[in-house]
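Presented below is the structure to which this report refers.
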Amino acid sequence: TTESTQKKGYKVPLAKMSNSDLASIINSDEIQSVLRPKKTSVDFRARKKNPLKNFGFMVKLNPYALTQKRRAILASRSTSNKRRKNFQRTRASDKFLKEILLAPQVPTDYYGQYEVEEYNLQ
């Protein structure tokens, strides 16, 4: 290491390699004789898949998952049909109540009885 001319108390780092021609060093006979032979075959490893996200892989692990999913879909269809019918029923009742509330009020006479003949309420 050599002292720096610009900074007091600082030493300039030296290079680790004296010969930086790396390609010639690697291809030299001394290095090549020590290296083991190059691997030609590569072992195939299947990529791990998440069965919670990949349904096909879940079925491969658990064949009953297909039946479970089918039953869940059928159950959700029946509940959605029930909800739809209930919604239509409540909507019809809301419409009926709105018609009643917005209908013209029937005047009563002094004794509180409806004048049926005048408004045709039978």
Side-chain angles (χ1 to χ4, degrees):
T1 60
T2 58
E3 290 286 331
S4 172
T5 57
Q6 297 175 354
K7 190 172 181 181
K8 185 178 177 185
Y10 182 76
K11 294 184 178 182
V12 179
L14 292 176
K16 298 286 182 186
M17 295 176 64
S18 58
N19 182 6
S20 63
D21 188 10
L22 195 61
S24 64
I25 293 173
I26 289 175
N27 291 327
S28 67
D29 292 333
E30 294 88 9
I31 301 292
Q32 290 296 323
S33 64
V34 179
L35 294 177
R36 63 174 186 240
K38 184 179 176 183
K39 287 185 178 180
T40 55
S41 64
V42 177
D43 295 337
F44 174 74
R45 289 186 183 164
R47 185 177 174 91
K48 186 187 180 310
K49 296 180 179 174
N50 186 353
L52 299 175
K53 292 183 178 180
N54 187 336
F55 186 68
F57 195 69
M58 171 67 96
V59 170
K60 190 175 181 182
L61 292 174
N62 177 15
Y64 188 68
L66 192 63
T67 308
Q68 285 179 322
K69 188 158 193 171
R70 187 180 302 120
R71 286 185 179 174
I73 290 170
L74 291 173
S76 70
R77 280 186 187 171
S78 67
T79 55
S80 66
N81 286 340
K82 288 178 187 175
R83 277 195 198 131
R84 190 179 306 118
K85 288 177 184 175
N86 191 20
F87 177 73
Q88 290 171 347
R89 191 180 310 119
T90 56
R91 198 167 183 191
S93 65
D94 288 346
K95 185 178 178 185
F96 177 72
L97 286 174
K98 205 178 269 186
E99 286 176 3
I100 290 175
L101 291 175
L102 296 178
Q105 296 294 318
V106 178
T108 59
D109 64 356
Y110 182 74
Y111 295 107
Q113 297 188 0
Y114 293 108
E115 298 173 354
V116 177
E117 295 81 27
E118 227 176 275
Y119 291 95
N120 295 327
L121 296 175
Q122 295 175 5

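- Residue pairs meeting the side-chain hydrogen bond (donor to acceptor under 3.5 Å, both in side chains) criterion with at least one member in residues 62-77, sequence neighbours excluded, are Tyr64-Arg71.
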Output a table of donor-acceptor pairs, distance under 3.5 Å, between side-chain atoms of residues 36-60 and any protein atom two or more places apart or on a different chain; print 'none' if there are none.
residue, atom, partner, partner atom, Å
Asn50, OD1, Leu52, N, 3.1
Asn54, OD1, Gly56, N, 3.3
Asn54, OD1, Phe57, N, 3.4

Apply side-chain contact (heavy atoms from CB on, under 4.5 Å) to the pair Val12 and Glu3, showing each step before the final yes or no. CA-CA 6 Å; Val12 179; Glu3 290 286 331; over 6 Å; no

